[in-house]
Amino acid sequence: MTKLTWYGHATLGLETGGKHILIDPFFSGNPSAPVSANSVQADYILVTHGHGDHVGDTVAIAKRTGATVISNFEICNWLNGQGVRNTHAQHLGGGFKHPFGYLKLTLALHGSALPDGSYGGNPAGFLLTTNDGKKIYLAGDTGLFGDMQLIGDEGLDLAVIPIGDNFTMGPEDALRAVKLLRPKVVIPIHYGTWGLIDQDATAWAARVKAESGADVFVLQPGKSFSL
Ligand code: NI
Ligand code: MN
């Protein structure tokens, strides 16, 4: 079984194959985070891109837990320089069979500079095939792009996509993304953290259900979805 927990903003916890995986662990300074960085478990940490609201507490959590951080090559190098020992670098289009499943980096239309201004390579999303065959797409911060059609061709059980607008897709483009991705279930993230990215996720969910047929789960921070 796989359980996905939303910790507000773009921070997610995934339990699958007996492993605890954190994605973009932004707890400190995240007004919507229901728990603190020093209370979460991690065997792996996945980082989509270099921005502060995604790298977040990666260094502190990796040092405390010994978790392996999976990200692009440039971010893994930077993390090594911050004293993070265990990293696994991949890059766009490349997949690897980890103990928790097969993880592929997908493209994302965004930026990726690190908090200290270092080059963060290209931003990414993640496509995970769990050990029991579930396909989960974590889009990361991105604008709409046509190759979401190709990602959708893989047959998605779940897509986790941003809807906040301003920095990423907003509701209109996120609806178009769902039509390209054709997932069974959608979970919206990267909204509501600050006024700049406030959205009515419930209204968006109703539109998506009516126009795409996908089920939408609007989570509250700290709540989980199991598949
Ligand atoms: Ni970003
Ligand atoms: Mn962001």
Side-chain angles (χ1 to χ4, degrees), residues 4-14 21-35 37 40 45-62 69-79 82 89-92 105-128 136-145 147-148 151 159-174 177-178 181 186-201 204 218-222:
L4 183 91
T5 303
W6 187 42
Y7 292 112
H9 200 56
T11 303
L12 300 161
L14 196 60
I21 303 153
L22 285 175
I23 299 112
D24 290 350
F26 172 48
F27 297 96
S28 306
N30 175 358
S32 57
V35 296
V40 289
I45 301 171
L46 277 50
V47 179
T48 59
H49 66 289
H51 293 161
D53 58 321
H54 296 261
V55 171
D57 300 292
T58 295
V59 171
I61 297 170
V69 183
I70 304 169
S71 191
N72 72 26
F73 182 78
E74 292 83 356
I75 291 172
C76 286
N77 268 351
W78 182 82
L79 289 168
Q82 305 290 314
Q90 295 183 216
H91 235 303
L92 301 186
L105 265 64
T106 57
L107 74 95
L109 286 181
H110 197 64
S112 184
L114 285 150
D116 64 1
S118 298
Y119 177 59
N122 285 311
F126 293 106
L127 180 60
L128 173 65
I136 301 171
Y137 173 54
L138 309 168
D141 280 11
T142 188
L144 178 68
F145 56 92
D147 285 354
M148 286 180 175
I151 296 169
V160 181
I161 64 173
I163 67 160
D165 220 348
N166 196 75
F167 299 114
T168 68
M169 293 188 288
E172 293 296 328
D173 279 355
V178 173
L181 292 165
V186 185
I187 292 176
I189 62 167
H190 212 281
Y191 70 92
T193 323
W194 305 285
L196 191 60
I197 56 172
D198 269 348
Q199 296 297 339
D200 184 343
W204 182 79
V218 175
L219 294 177
Q220 297 303 311

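For the numbers below, each heavy atom of this structure counts, side chains included, while hydrogens, waters and symmetry mates do not. Predicted, not measured: the structure shown is a model, and the values here were computed from it. Note that ligands are numbered from 1 as they come in the structure, with each ligand's atoms numbered from 1 the same way.
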The atom of D141 among N, O or S that is nearest the Ni ion (ligand 1) is OD2

Does any N, O or S atom in H190 come within less than 2.8 Å of the Mn ion (ligand 2)? yes

Verdict with reasoning, H51 to D141, per side chain to side chain donor-acceptor pair (under 3.5 Å): CA-CA 10 Å; H51 293 161; D141 280 11; 4.7 Å; no

Here the N/O/S atom of D141 closest to the Mn ion (ligand 2) would be OD2

Output the atom name for the N/O/S atom of H49 with the smallest distance to the Ni ion (ligand 1). NE2

Student check: side-chain heavy atoms of N166 and W194 closer than 4.5 Å: no

Tell me, which N, O or S atom in H51 is closest to the Ni ion (ligand 1)? ND1

Counting N and O atoms only, with roles assigned by atom type, does the side chain of T142 sit under 3.5 Å from a partner on the main chain of L109, one being a donor and the other an acceptor? yes

Does F26 offer a backbone N or O that forms a donor-acceptor pair with the side chain of T11 under 3.5 Å? yes

H9 and H190 aromatic ring geometry - parallel, tilted or perpendicular at 30°/60° bounds: tilted

To the nearest 10 degrees, calculate the angle at the Mn ion (ligand 2) involving OD2 of D53 and NE2 of H54. 90°

Using only atom types and a distance under 3.5 Å, with no angle test, would you say the side chain of N72 pairs donor to acceptor with the backbone of I75? yes

Distance check below 2.8 Å: does H110 bring an N, O or S atom to the Ni ion (ligand 1)? yes

